[in-house]
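Sequence lines set the chain letters: A, B, ... in the order given, protein chains first and strands last, and positions in each chain run from 1. Keep in mind that the numbers below use all heavy atoms, side chains included, and drop hydrogens, waters and symmetry copies. Please read all numbers here as calculations on a predicted model, not as lab measurements.
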Amino acid sequence: MEKPTFYSPKGNQLTCRNWEAEALYRLLLNNLDPRVAETPEDYIVYGSSGKAVRNEASLNDILKQLQHLEQDETLILQSGKAVAKLKTFYEAPRVIMTAALTTPENATIDNFSKLEHNDLTMYGQATAASWAYIGVQGILQATFETMAEIARLNFNHTLAGRIVLSSGLGGMGSAQPISISMLDGVSIIVEVNESKIQKRLINNFCDICVTSVFEAIQLAKKAAADRKPLAIAILGNATDVYEEFLNQNFIPDIVTDQTAAHDLLNGYIPSGLTLPQADYLRMKKPKRYIELAQASIKKQVSNMLKFQKNGSIVFDYGNNIRGQAFNAGLKKAFKIPGFVESYIRPLYEDGRGPCRWIALSGHPTDIYKIDECLLQLFKDDTRIQRWISYAQEQIYFHGLPARTCWLNYEERAQFAEIVHKMLVSGELSGPVAITRDHSEGSSIAAPFRETENMRDGSDAIADWPILLAMLNASSGASLVSLQHGGGVGIGNSIHSGMTVVADGTMQSLRKVKRVLTNEPAFNIIRHADAGYEKAKIKISEHQIQKPL
Amino acid sequence: MTQSTNTNRLQCQGWIQEAALRLLTNMLSPSTAQKLNDLIVTGYNIKPVRNNESYDVIVHNLKHLKNDQTLLIQSGKPVGIFETHEMAPRILIATANLVPSWSHTRHKLESDQLLIASDFNVSNWTSNGEQDLLIHTYTCFTQLARKTFSQTDLKGKFLLTSGLGKNGFIQPYAAKLAQAITLVVEINKDTLIECVNKNYCDFFVDSLNEALILIEQYKKKEKPVSIGLVGNCVDIYEQILQSNMKPDIVTDQTNIHPLCNSYVPLGLTAEEAASQKQHDIESFKKNTHSSILKHIQTMYAFKKAGSEVFEFGNELRRHAAIQQFEKAYSIKSYRTDYLNPLFEEGYSLMKWFVLSGEQKDLKLLNDTLQKLCPTNIYVKQFAQIVALPNRVNTLPVGYCWLKFNEKQQFIQTVNQLVAQQQLKAPIVFTQEILSASAVAAPYDETEHFKDGSDTIADWPILTALSNISSGASWVSINSTDNNKIFTEHVFVADGTEQAFEKLKRLLINDSYMSVARYSNAGYNRATQTLHKII
């Protein structure tokens with residue numbers, strides 16, 4: 001039987017009874033749009049296993065429930081399945097959800113797989129379960145901000161003449177070549193799956209595909225010498241190709257990795273296996289498969305350490321590859337720094353973080369109008385200026401048009417007003433859903449990534465994302481989630497998602513403004529509490545109330 | 001610490017903040033807290049706030065917190081005040097929650113002052129000290145009586161138990177309250193003496209023989225008594241097995257979990273155990289393991305011989321199962337076998353604090369309850385329980401098992417009574433035993449769920465967030481021991497219009513979530529109950 005294809009409705013005709021429910025209804029379907037989702041027929045949005053709902057029955061149920069949800073009711077979802085619809089308040093969320101949470105001692109892959117197999121839970125990645133995935137743009141900006149920060153710190157704001165070596169062209173990894181090109185750099189990305197490379201060539205994320213290391217080196221060196229951007233995809237296994245580059249004594253300026261190393265069994269392809277062999281082995285002998293993956297990752301990370309020794313800037317890009325290598329016996333794995341600590345945390349200290357908004361009307365002009373407004377209003381914020389201009393040029397909208405943009409504390413509260421005004425004046429053709437990535441200042445505890453090496457040692461404290469979820473539920477968010485696993489895998493993170501809907505009414509403005517004020521304030525508080533000076537200054541500058 | 005002020009005068013901007021202030025000070029009063037100077041309320045290390053500075057600042061914040069603001073507490077430390085709205089909680093608390101794979105760093109983080117250990121009630125600022133434990137233990141004994149002996153209490157029944165430590169010290173008192181004839185074995189003589197001095201245990205005897213003779217006499221008269229005996233419980237249990245006195249009920253509350261912490265293995269005195277633990281940990285571990293195995297074997301033998309045997313939440317079966325004792329889980333659990341059936345039917349054990357401090361108000365509440373729920377079998381039983389002898393200058397507290405519709409009626413009525421000023425000050429309601437939707441604990445509350453969802457922790461978080469959305473006055477999410485995540489909430493019936501609005505939602509929603517947890521796990525009775533709630 002053929003499965004239906006999902007698309008979000010567009011325009012101003014309501015499918016649901018109010019815009020909050022409608023927004024979430026549309027975001028859910030948009031997450032499953034074949035142009036957005038990785039494997040929509042399995043409800044997988046991204047990250048090889050991140051699902052939006054448990055299964056077909058739960059999707060149908062959730063859609064039906066949303067259609068009939070009143071503006072003082074709340075739908076409760078337990079790992080992708082609706083378990084209750086409750087009478088609450090208008091100010092309360094319309095949807096409350098959790099995904100993949102287990103008791104700490106049992107947060108192991110074995111136990112989780114068992115629970116998943118028995119249809120008791122669902123892996124939700126981050127924005128898959130919370131229906132806030134908007135395709136590659138979100139990841140693109142995170143990658144862009146990271147690369148831009150490396151360029152700022154090391155290469156005078158540009159990657160022109162620099163070569164970056166990385167791997168993985170999946171949902172996350174494909175943001176690398178385009179971000180590097182945006183900053184005029186040369187990228188070589190290793191990918192084992194030819195169809196993924198084809199996809200990236202078609203949508204212009206990569207310029208050329210090569211199959212030999214020799215070719216890659218030649219092309220890269222030439223482009224770098226000309227200070228021209230070039231995105232090269234090389235077909236092969238990351239472990240093998242990195243090794244070969246070392247053998248050739250080719251040392252790129254920057255080296256990282258974005259293979260699905262967080263998921264040893266279903267994500268990572270070990271050195272020496274073809275794709276069909278990998279599929280067969282993981283079915284037949286999963287233990288053996290994991291052993292091979294571990295050995296391969298261990299080698300990969302020791303090669304990355306060699307690049308580091310030879311002068312490359314090397315960092316872990318949040319796929320837990322160091323953790324996996326460490327577990328496989330590579331003691332020095334953590335000599336490689338994490339990208340958040342090095343490049344992103346300074347932004348968090350400002351309360352700056354990855355906001356995103358979606359035009360529920362489906363009209364790209366709504367997004368462009370907001371873009372223009374931001375470019376006008378935030379003239380002094382060079383980050384916003386640079387990003388929006390790039391994004392307008394590079395990003396094609398798939399599904400509902402959306403924009404991601406890193407806004408700081410003050411900008412977020414202003415953003416609430418801006419969107420509201422544009423809705424009231426009729427400039428926008430429909431309401432706007434405002435959401436964000438889970439990778440934020442207080443929304444995640446992930447000691448291998450976002451909270452690695454916190455100054456006070458509070459890396460593993462998960463009170464913060466839990467409090468943030470509680471705070472958002474109290475402030476007026478339309479959707480609140482608390483989730484486990486995310487991009488770093490089972491056991492390794494607790495994180496919270498949020499979506500709030502601006503529909504142009506005064507009461508919605510009240511909610512949107514509170515959420516967009518409280519959330520960045522809490523991000524700053526989390527960092528001030530850990531002893532970060534810049535955050536402490538922001539506390540007094542913005543008169544944020546932090547009792548102790 | 002300041003004494004809690006028991007009047008109807010407000011020190012805060014609203015009664016919810018006032019309630020939090022009074023409950024916090026009540027908990028940290030000399031008759032509730034165990035080690036007041038360290039802010040420790042129960043156990044060895046369970047504090048409601050991080051330190052003295054946090055306490056002072058929280059008190060100050062509560063006094064100034066507006067009725068549309070929310071105070072956030074991270075592991076006992078006040079970290080933020082935010083503009084929210086009137087229907088939102090005034091306080092949000094998260095304690096000792098960790099990223100799962102780093103759970104083993106809990107103690108280090110605690111000693112680095114980045115978190116405090118959490119426990120039921122204390123972390124939610126709703127502890128009533130030893131009285132809570134009494135109610136817990138008592139309710140287990142009486143539910144056992146109902147399930148196993150079809151009687152309302154343990155009259156005429158010989159109960160054999162052990163361990164007067166952390167949670168066990170109240171057992172003889174609770175068992176006597178439940179009319180049982182109790183023999184409690186304790187390894188540490190000083191602990192036993194202290195228990196007797198506090199009047200929690202009637203007296204102690206020097207030999208098992210003497211104890212058994214007395215028990216026979218009391219059994220004949222069907223007169224309740226609690227008798228203490230110094231000794232190793234495994235040893236004594238074995239001797240009782242050899243004798244011709246058969247206990248009706250066997251359990252124990254020795255400190256088994258965490259293993260090798262304070263358990264005293266068979267053959268060692270408490271001092272010897274401590275010394276061996278320090279000097280020869282390997283031998284100590286070996287002794288502990290073999291002792292646990294013998295421990296459960298004797299309990300299993302009692303079961304074979306026809307006694308009602310159950311584990312009292314100390315994870316004995318779990319550690320025995322690790323020691324390859326296959327039949328470990330054929331022994332019952334206090335939670336799964338005695339309490340869960342109540343939750344499936346939509347019951348919850350409610351607790352209420354009388355903020356005025358007046359016994360008259362407490363009595364009015366009990367009278368109201370009797371009028372409202374004439375068929376509820378628990379009302380009379382719980383109304384008779386008087387406060388423990390050491391409870392002075394504390395807020396009066398009531399407890400009772402109420403079905404969801406009774407709970408609804410009762411709390412609505414109480415809110416009315418507050419509005420009409422028939423009660424001198426507002427009443428604070430909370431749940432005394434966690435419903436399964438409020439907790440994930442595979443070795444305790446959520447053990448052996450029908451569908452295997454023991455370790456799923458979505459439910460407590462969903463319950464917390466839905467209570468936040470339904471008008472709860474404050475809400476907490478806490479973790480203990482690496483295998484328990486739980487949420488608690490409070491409702492302050494202050495007689496306001498908003499309180500009525502909140503109640504309409506909170507009461508239904510919390511009951512719904514609680515029963516939905518069982519219904520989702522495939523319990524049919526719960527599914528039937530669910531249809532009655534909405």
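Neither the backbone nor the side chain of A:A528 has a heavy atom closer than 4.5 Å to any heavy atom of chain B. Residue contact with chain A, scored on non-hydrogen atoms closer than 4.5 Å, involves the backbone of B:S476 exclusively. Of the atoms belonging to A:L471, heavy atoms from both backbone and side chain fall under 4.5 Å from chain B.
What you find for A:F89 and B:S470 is that their closest heavy atoms are CE1-C, 3.6 Å. The two residues A:P547 and B:N61 come nearest to each other via the heavy atoms CB-OD1, 3.1 Å.
The closest side-chain donor-acceptor pair between A:N106 and B:T455, if any, does not fall under 3.5 angstrom. There is a side-chain donor-acceptor pair under 3.5 Å between A:S79 and B:D458. The closest side-chain donor-acceptor pair between A:D463 and B:Q74 falls under 3.5 angstrom.
Heavy atoms of other residues, nucleotides or ligands lying less than 6.0 angstrom from NZ of B:K502 number more than 12.
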Please walk me through it: do B:S101 and A:N492 pass side chain to side chain donor-acceptor pair (under 3.5 Å)? CA-CA 6 Å; B:S101 299; A:N492 298 332; 3.1 Å; yes
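Here A:P447 is the residue among A:S493, A:P447, A:A473 with the most heavy-atom pairs under 4.5 Å with chain B. Each of B:T446, B:I93, B:T70 has some count of heavy-atom pairs under 4.5 Å with chain A, and the biggest count is that of B:I93. For the set B:K484, B:E53, B:H104, the count of heavy-atom pairs under 4.5 angstrom toward chain A peaks at B:E53.
Between B:E501 and A:K87 there is no salt bridge, since no side-chain nitrogen of the basic residue lies less than 4.0 Å from a carboxylate oxygen of the acidic one.
The stretch residues 80-90 of chain B places B:G80, B:I81, B:F82, B:E83, B:T84, B:H85, B:M87, B:A88, B:P89 near chain A, each with some heavy atom under 4.5 Å from a heavy atom of that chain.
Taking 4.5 Å as the limit, every side-chain heavy atom of A:I494 sits out of range of all side-chain heavy atoms of B:N97.
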